[in-house]
Trainee: 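Got a structure for you, written out below as structure tokens; questions coming shortly.
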Amino acid sequence: MPIHNSDIAGIFSRVADMLDIKGENPFRIRAYQNAARTVGELSRDVSEMIDREEDLSELSGIGKDLAGKIAEIVQTGSLKFLRELETEIPPELLELLKISGLGPRKVKALHRELGIKTLAQLKDALKEHKIRELEGFGEKTEANISDELERITGSEPRLKLVIADEIVKPLLDYLQKSSGVKKVEVAGSYRRRKETVGDLDILVIQKKDAGVMDRFVHYEDVKKVVSQGSTRSTVLLKSGVQVDLRAVNEVSYGAALHYFTGSKAHNIAVRKLAVKKNLKINEYGVFRDKKRIAGRTEEEVFEQVGLPFIPPELREDRGEIEAARDHRLPSLVTLKDIRGDLHAHTRITDGHADLKEMAEAAREKGYEYLAITEHSKHVAVARGLNAEELLRHLDDIDRLNEKLDGIVLLKGVEVDILEDGSLDLPDRVLSELDFTICSVHSRFGLSSKKQTERIIKAMDNDYFRILGHPSGRLINERAPYDVDMAQVITAAAKRECFMELNAHPDRLDLNDRHLLLAKELGVKIAISTDAHSTESLNYMRFGVWQARRGWIEPDDVLNTRKLTDLRRLLKR
DNA sequence: GCCGTTTTCGGCCCGACTGTTTTCAGTCG
């Protein structure tokens with residue numbers, strides 16, 4: 001079995017938890033956590049870097065020791081150090097850490113005093129009210145553990161961005177209406193436009209004691225008030241989502257927004273810069289000694305550490321701070337840059353609108369062009385088209401184009417990549433099209449080697465233009481199929497093929513790290529909605545957000561181009 | 001365990017809230 005970055009990250013993160021329960025040096029623990037994150041977010045496979053004898057200790061947060069441990073994991077599949085730790089600390093204990101409110105100290109106490117190792121044993125001890133007897137525990141702790149235990153068995157996955165969007169809007173309206181509230185903004189991973197959101201962080205500016213905290217905890221969707229203070233409160237909504245509300249006053253707004261937007265790693269990196277300049281940054285501002293010298297806007301905060309404004313989508317400590325320092329931050333693509341949509345279906349296959357309705361909806365969005373890309377016959381459930389049906393459909397598009405004003409329909413197809421790497425329609429038909437999107441819709445279970453070969457072989461066809469939803473994942477529903485994406489992107493670069501960023505909020509495929517890799521290798525991206533209705537053309541914003549997280553600029557995107565330039569690019 | 005335009009040793013981001021406490025540890029973000 002090949003070792004993936006996520007395997008290595010998982011091992012390091014287990015080591016960190018184990019050391020934490022052991023009561024080890026917190027900075028050593030943090031080193032393992034940082035390494036787990038660094039490896040986990042890398043866009044290239046570490047095992048491949050080792051094959052090429054690259055020096056892993058060049059990676060930030062990876063030194064000689066951890067580089068050696070990574071090599072050990074890649075070569076042997078496991079880590080001796082972790083196996084040793086597991087003889088000292090029962091690995092089941094790590095499950096207990098998932099309970100909010102139980103940290104390493106309390107978990108250790110539960111194990112030491114009551115011999116509790118598993119969630120089941122914890123449940124029993126709760127029933128017998130043994131927990132409240134322990135030093136440092138009490139009735140409330142016991143009740144909280146009990147609540148949490150119930151909650152995680154229903155284990156809520158992280159929210160898709162689109163769902164977070166739906167939940168947060170009415171809450172913002174509600175808070176906005178409270179008297180004395182000057183400004184409300186969502187921060188956190190929502191503002192960074194992460195594809196999924198763990199909880200919602202909302203920031204308000206209020207006049208002194210305007211009572212917004214009280215109003216917040218009485219919102220009709222609140223199931224439980226986790227904590228309530230004068231500057232911060234936390235609630236659980238009925239949907240299971242946790243929402244944090246923080247109140248600051250106006251002079252601290254920028255500092256607070258920066259702080260609560262995160263990411264944590266980004267904040268730490270920025271604060272380190274501040275320390276070097278003898279400054280201190282917290283959510284109230286930037287301070288020299290006790291004096292606040294900035295904090296009203298985010299720009300002010302960045303300025304104090306010698307940086308230009310960094311867009312929230314980039315704030316992951318993935319090189320944005322160095323890029324900002326060297327004045328090479330990307331100017332990220334925006335929704336306004338988008339001139340058309342390159343992936344849409346109509347009622348002919350599994351869409352819900354007809355050609356004309358789709359064309360008019362696209363024109364209303366101010367687009368210059370819309371590509372109609374029906375499924376090919378292999379996707380029988382979607383009534384995919386065979387060669388003759390597609391040719392007739394192309395005639396329909398031609399006829400409609402003659403009548404249309406202000407928008408051009410492009411003739412495309414979403415043709416299946418079959419198991420042997422061939423395309424599901426003959427070349428003589430593909431040659432009639434403006435371009436193709438080629439997608440995998442079957443045999444997701446192939447080995448990484450076979451899946452990768454399948455896709456790259458398909459790219460050898462001269463009519464292959466864009467690889468549709470390249471990983472096949474559905475967020476929270478279906479894992480990506482096993483494929484060596486770095487190899488696929490490299491192959492696309494060599495053959496001058498393109499990759500899709502499917503903007504459907506369930507897909508957002510490519511992910512941000514692969515987008516960055518595609519950009520580095522010079523592979524252009526089509527940001528496309530895969531719309532099956534006029535309404536879903538609106539998903540473009542999710543695609544643009546995801547693209548921004550991948551450092552994508554207008555020039556990296558196919559559909560920021562004028563039609564004439566686009567046509568030239570689409571010719572292979 | 002990592003890291004270095006003051007350092008190869010001695011630092012490592014910073015604050016709010018809770019619960020169990022007689023002044024603060026633990027946890028979280």
Side-chain angles (χ1 to χ4, degrees), chain A residues 12 15-16 19-21 23-38 56-70 81 96-110 131-145 147-148 187-189 197-203 213 217 225-235 242-248 252 255-256 258-287 295 301 305-306 317 321 325:
Chain A
F12 282 166
V15 168
L19 293 175
D20 212 353
I21 292 174
E24 268 274 357
N25 174 1
F27 298 105
R28 189 180 179 207
I29 295 164
R30 192 186 294 168
Y32 278 96
Q33 287 166 340
N34 286 341
R37 187 184 152 270
T38 300
L56 295 181
S57 65
E58 306 252 308
L59 297 171
S60 90
I62 309 283
K64 217 175 154 193
D65 180 272
L66 288 176
K69 287 195 166 82
I70 293 173
F81 181 47
L96 302 185
L97 284 178
K98 288 184 186 154
I99 293 172
S100 167
L102 281 190
R105 298 285 94 76
K106 286 202 159 77
V107 165
K108 192 180 181 181
L110 288 171
I131 308 251
R132 64 176 68 170
E133 312 290 327
L134 295 183
E135 194 181 329
F137 291 73
E139 274 181 50
K140 290 210 169 164
T141 309
E142 194 176 86
N144 272 336
I145 293 175
D147 283 359
E148 272 300 303
S189 48
V197 174
D199 58 10
L200 289 163
D201 292 290
I202 302 178
L203 185 64
M213 288 299 165
V217 300
V225 180
V226 178
S227 70
Q228 183 179 0
S230 58
T231 66
R232 198 186 95 186
S233 300
T234 300
V235 301
Q242 179 172 312
V243 187
D244 290 348
L245 183 70
R246 340 258 183 153
V248 294
S252 298
H258 179 255
Y259 172 54
F260 295 129
T261 296
S263 65
K264 191 173 168 180
H266 169 91
N267 286 350
I268 289 173
V270 170
R271 285 178 180 194
K272 279 184 184 167
L273 289 182
V275 170
K276 275 189 195 157
K277 292 177 182 285
N278 280 321
L279 300 173
K280 187 178 78 170
I281 298 181
N282 58 28
E283 55 262 57
Y284 300 109
V286 182
F287 295 84
V301 175
V305 292
D317 192 24
I321 290 172
R325 189 192 56 203

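We name chains A, B, ... by the order of the sequence lines, and we start the count at 1 in each one. Keep in mind that this is a model prediction, so the values were computed, not measured. Heavy atoms only: backbone and side chains are in, while hydrogens, waters and symmetry mates are out.
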Trainee: Donor-acceptor check, side chain of Q242(A) to backbone of D199(A), threshold 3.5 angstrom: yes or no?
Mentor: no
Trainee: Between Q228(A) and dA16(B), is there a side-chain N or O to OP1/OP2 distance below 4.0 Å?
Mentor: no
Trainee: If you pin S60(A) and K106(A) to their nearest nucleotides in DNA chain B, which one's is more 5'?
Mentor: S60(A)
Trainee: Whole-Å distance between dT18(B) P and D147(A) CG?
Mentor: 15 Å
Trainee: Please state how far atom CG in L203(A) lies from atom P in dG29(B), giving the value in whole angstrom units.
Mentor: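 Taking CG of L203(A) and P of dG29(B), I get 17 Å after rounding.
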Trainee: Identify, with sequence neighbours excluded, every residue that meets salt bridge (Lys or Arg N to Asp or Glu O under 4.0 Å) alongside R325(A).
Mentor: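 Scan of R325(A) (salt bridge (Lys or Arg N to Asp or Glu O under 4.0 Å), adjacent residues dropped) gives none.
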Trainee: Report yes if at least one side-chain N or O of S227(A) is closer than 4.0 Å to OP1 or OP2 of dA16(B); otherwise report no.
Mentor: no
Trainee: Nearest whole Å is fine: how far is dT20(B) C1' from I145(A) CD1?
Mentor: 13 Å
Trainee: Apply side-chain contact (heavy atoms from CB on, under 4.5 Å) to R246(A) and list each qualifying residue two or more places apart in sequence or on a separate chain.
Mentor: D201(A), L203(A), R232(A), D244(A), F260(A)
Trainee: Tell me what R28(A) touches on the nucleic acid: a base, only sugar-phosphate, or nothing, going by heavy atoms under 4.0 Å.
Mentor: base
Trainee: Determine the Euclidean distance between corresponding C1' atoms of dG1(B) and dT5(B); express it in Å to zero decimal places.
Mentor: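 Taking atom C1' in both dT5(B) and dG1(B), they lie 24 Å apart.
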Trainee: Return the value, rounded to whole Å, for the distance between atom NE2 of H258(A) and atom P of dG29(B).
Mentor: 19 Å
Trainee: Considering residues at least two apart in sequence or located in another chain, which fulfil the side-chain contact (heavy atoms from CB on, under 4.5 Å) criterion with V275(A)?
Mentor: none
Trainee: Check whether any side-chain nitrogen or oxygen of K69(A) sits under 4.0 Å from OP1 or OP2 of dG1(B), and answer yes or no.
Mentor: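 Affirmative; the distance criterion is met.
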Trainee: Output one letter per nucleotide in nucleotides 5-15 of chain B: B when a protein non-hydrogen atom lies under 4.0 Å from the base, S when only the sugar-phosphate is that close, - when neither is.
Mentor: -------BBBB
Trainee: Closest approach of L66(A) and A35(A), non-hydrogen atoms and distance?
Mentor: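 L66(A) and A35(A) have their closest heavy atoms at CD1-CB, 3.7 Å.
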Trainee: Who pairs with E283(A) by salt bridge (Lys or Arg N to Asp or Glu O under 4.0 Å), at least two apart in sequence or on another chain?
Mentor: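 Scan of E283(A) (salt bridge (Lys or Arg N to Asp or Glu O under 4.0 Å), adjacent residues dropped) gives none.
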Trainee: Paired with dT8(B) by Watson-Crick or G-U wobble geometry, both distances under 3.5 Å: which nucleotide is it?
Mentor: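 Check on dT8(B): unpaired, no WC or wobble geometry under 3.5 Å.
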Trainee: If you pin T231(A) and P104(A) to their nearest nucleotides in DNA chain B, which one's is more 5'?
Mentor: T231(A)
Trainee: For dT8(B) versus dC2(B), give the span between their C1' atoms, rounded off to a whole number of Å.
Mentor: 12 Å
Trainee: Which is true for Q242(A) with a 4.0 Å heavy-atom rule: it touches a base, it touches only sugar-phosphate, or it touches nothing?
Mentor: sugar-phosphate
Trainee: Using a 4.0 Å heavy-atom cut-off across all strands, classify P26(A) as base, sugar-phosphate, or nothing.
Mentor: nothing
Trainee: So, does T234(A) get its side chain near the phosphate of dG29(B), meaning an N or O under 4.0 Å from OP1 or OP2?
Mentor: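 No, because none of the side-chain N or O atoms of T234(A) sits under 4.0 Å from OP1 or OP2 of dG29(B).
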Trainee: Could you work out which one of dC2(B), dG29(B), dT20(B) sits closest to the side chain of K140(A)?
Mentor: dT20(B)
Trainee: Who passes salt bridge (Lys or Arg N to Asp or Glu O under 4.0 Å) against K264(A), sequence neighbours left out?
Mentor: none
